[in-house]
2 protein chains.
Amino acid sequence: MRESQKEIVRSLSLFSSMMEENLDAILVGSFLQRFPASVVLFSESDPADFLYILINGQVELFANANNREGTMTLIRPIATFVLASALVGDAYQMSARTLESSQILMIPAENIRAAMRKDKNFAQKSVLELAACYHGVVRAYKSIKLRTAVERLANYLLVQHRRQGEKGVITLPVEKRILASMLGMRPENLSRAFATLKPYGVAVEGTDVRFQKLNDLQTLAKPLESIDGP
Amino acid sequence: MRESQKEIVRSLSLFSSMMEENLDAILVGSFLQRFPASVVLFSESDPADFLYILINGQVELFANANNREGTMTLIRPIATFVLASALVGDAYQMSARTLESSQILMIPAENIRAAMRKDKNFAQKSVLELAACYHGVVRAYKSIKLRTAVERLANYLLVQHRRQGEKGVITLPVEKRILASMLGMRPENLSRAFATLKPYGVAVEGTDVRFQKLNDLQTLAKPLESIDGP
DNA sequence: AAGCGTACTTGACAATTGTCAAGTACCAAA
DNA sequence: TTTGGTACTTGACAATTGTCAAGTACGCTT
């Protein structure tokens with residue numbers, strides 16, 4: 001484990017205030033690996049042997065049932081994923097695949113559990129991190145239960161617009177087929193949803209989306225802090 | 001706080017191994033209250049001042065958006081709810097109302113946060129409890145994203161059948177309009193979904209549901225351990 | 001026991017979303 | 001630059017789900 005990698009891990013709030021020796025202990029047996037795009041890292045119901053940290057690239061967490069597949073969430077650097085499964089020590093709840101070539105740090109889940117037992121501060125940080133994860137899924141769950149496909153797209157666009165600096169234009173961070181799956185619809189439906197938003201000033205140009213009537217879009221989207229954040 | 005109430009709290013795994021003095025400290029300022037049916041306990045975005053423990057009765061956690069309302073989950077005794085919000089100390093993510101007359105223990109959230117800071121064991125238990133909550137929402141999220149309404153109902157019925165002892169008949173634990181909302185559909189649609197399941201041996205008699213062709217129902221439902229449990 | 005309110009059911013219809021098929025656009029490798 | 005594969009879009013249609021309206025059933029109060 002190189003020093004620069006340790007610094008990256010430390011940049012995550014989960015590990016930020018961990019004592020040096022405990023962090024070293026966690027990283028024993030960890031390894032950094034580069035995966036090409038479209039590689040399945042693990043499948044749901046596999047035993048959760050590792051906590052993952054995405055250093056760069058992009059990862060999709062997805063699930064299958066009844067010959068259907070759906071994107072649960074996207075992971076962007078730098079972030080951990082499958083923390084809950086690693087902490088509990090049972091099976092993964094979702095499958096994961098790289099969407100691009102990605103560098104990923106894999107930490108033995110047993111190290112994480114040992115740290116939780118030994119390091120009071122880490123246990124507290126884990127509580128906060130898990131609560132944040134929980135919050136995130138609840139938001140996604142509300143969104144799909146209470147909004148139509150067009151509303152979900154409109155709110156997604158507004159969130160991206162805020163995240164990308166309110167420039168009146170955004171670049172979609174993923175392929176539209178993945179975005180469709182994330183928003184709980186088919187690619188064909190996403191195309192139509194974009195068409196529906198055209199009268200609200202939404203202009204799609206490849207992976208860029210331009211906003212010409214933000215007020216109208218917001219009126220349609222009716223964003224809520226409890227779902228879309230502050 | 002009466003001794004018998006303390007025993008009830010101790011029966012929850014979250015508090016089971018807590019030292020007596022810490023448990024006493026948590027219960028300072030707590031109070032047990034009986035609410036009639038259909039009372040809103042709190043609304044989403046209210047500051048999370050309490051951790052709730054349902055002693056008896058039944059509670060619905062729900063959310064609103066765009067003039068729509070949806071049941072997120074049901075709480076049955078004895079169980080805590082809104083642990084994540086209480087631990088983090090921000091706003092509730094969902095609203096709560098009683099479905100029946102219910103006895104509820106309310107513990108100041110600040111006590112919970114203090115315990116997490118002071119009591120290493122409690123922090124660990126909180127991690128496990130939060131992970132379980134997370135797991136639960138992920139399951140619900142998968143279910144609504146990957147299954148049709150009929151499939152969700154079929155799997156719900158099979159889960160209830162298992163929980164109620166595989167007797168070939170179950171009693172629905174909630175009104176059908178609540179069940180419909182929980183499964184992400186309208187009451188009219190739930191009626192039709194039950195009708196769709198009739199050829200699969202599902203006979204509805206008021207709040208009872210009888211199963212005459214369990215194999216056929218299972219073939220339709222295609223239950224998955226990762227969604228419906230073991 | 002009667003009456004009332006609410007839940008539930010059913011039918012007809014509308015809106016939304018999914019499926020299939022065909023064609024276009026785009027990127028990457030040869 | 002050409003070529004091939006994949007993503008994307010569009011149209012026509014099917015399936016699912018939601019809405020509205022009416023009627024039935026059920027439980028609770030009087």
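Lettering follows sequence order; numbering is per chain, from 1.
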Exercise. Take atom CG of B:L190 and atom P of C:dC8, then tell me their distance rounded to the nearest Å.
Key: 9 Å

Quiz item: What is the distance from CZ of B:F194 to P of D:dA25, rounded to the nearest Å?
Solution: 19 Å

Quiz item: Which nucleotide in the list D:dT19, D:dG18, C:dA7 gets nearest to the side chain of B:M185?
Solution: D:dG18

Exercise. Could you check which of C:dC8, C:dA12, D:dT10 has an atom nearest any side-chain atom of B:S191?
Key: C:dC8

Quiz item: Does B:R177 pair with B:E175 as a salt bridge, N-O distance under 4.0 Å?
Solution: yes

Quiz prompt | Closest listed nucleotide, where the reference is the side chain of A:A149 and the choices are C:dT17, C:dC8, C:dT10 | solution = C:dT17

Self-check item: Heavy-atom neighbours of B:R162 CZ exceed 12 at 6.0 Å
Solution: yes

Exercise. Could you tell me the separation between the CD1 atom of B:I144 and the P atom of D:dT16, rounded to a whole number of Å?
Key: 17 Å

Quiz item: Any donor-acceptor pair under 3.5 Å joining the side chain of B:R68 to the base of D:dG18?
Solution: no

Quiz item: What residue among A:L51, A:L61, A:L74 forms side chain to side chain contact (heavy atoms under 4.5 Å, CB included) with A:F81?
Solution: A:L61

Exercise. Look at the side chain of B:K213 and the backbone N and O of B:K198, then say whether any donor-acceptor pair between them is shorter than 3.5 Å.
Key: no

Self-check item: Candidates D:dC8, C:dT17, D:dT17 - which lies nearest the side chain of A:N189
Solution: C:dT17

Quiz item: Of all the choices, D:dT19, C:dA7, C:dT19, which nucleotide is nearest to the side chain of B:E175 once you look at every atom?
Solution: C:dA7

Quiz item: To the nearest angstrom, how far is A:E151 atom CD from C:dT17 atom C1'?
Solution: 14 Å

Quiz prompt | d(CZ, A:R177; P, C:dA25) in whole Å | solution = 21 Å

Quiz item: Between the base of D:dC20 and the side chain of B:E188, is there a donor-acceptor distance below 3.5 Å?
Solution: yes

Quiz item: Quick one: is D:dT19 close enough that its OP1 or OP2 comes under 4.0 Å of any side-chain N or O from B:R186?
Solution: yes

Quiz prompt | Length of the line joining A:K145:NZ and D:dG18:P, which is rounded to integer Å | solution = 11 Å

Exercise. Mind calculating the distance between NZ (B:K176) and P (D:dG27) to the nearest angstrom?
Key: 11 Å

Quiz item: Taking C-beta and beyond as the side chain, do A:I107 and A:L105 meet within less than 4.5 Å on heavy atoms?
Solution: yes

Practice problem: Report the distance from atom CD of A:E205 to atom C1' of D:dT9, rounded to the nearest whole Å. | Solution: 16 Å

Exercise. Would you classify A:A195 as touching base, sugar-phosphate or nothing, given that sugar-phosphate means primed atoms plus P, OP1 and OP2, and contacts are heavy atoms under 4.0 Å?
Key: nothing

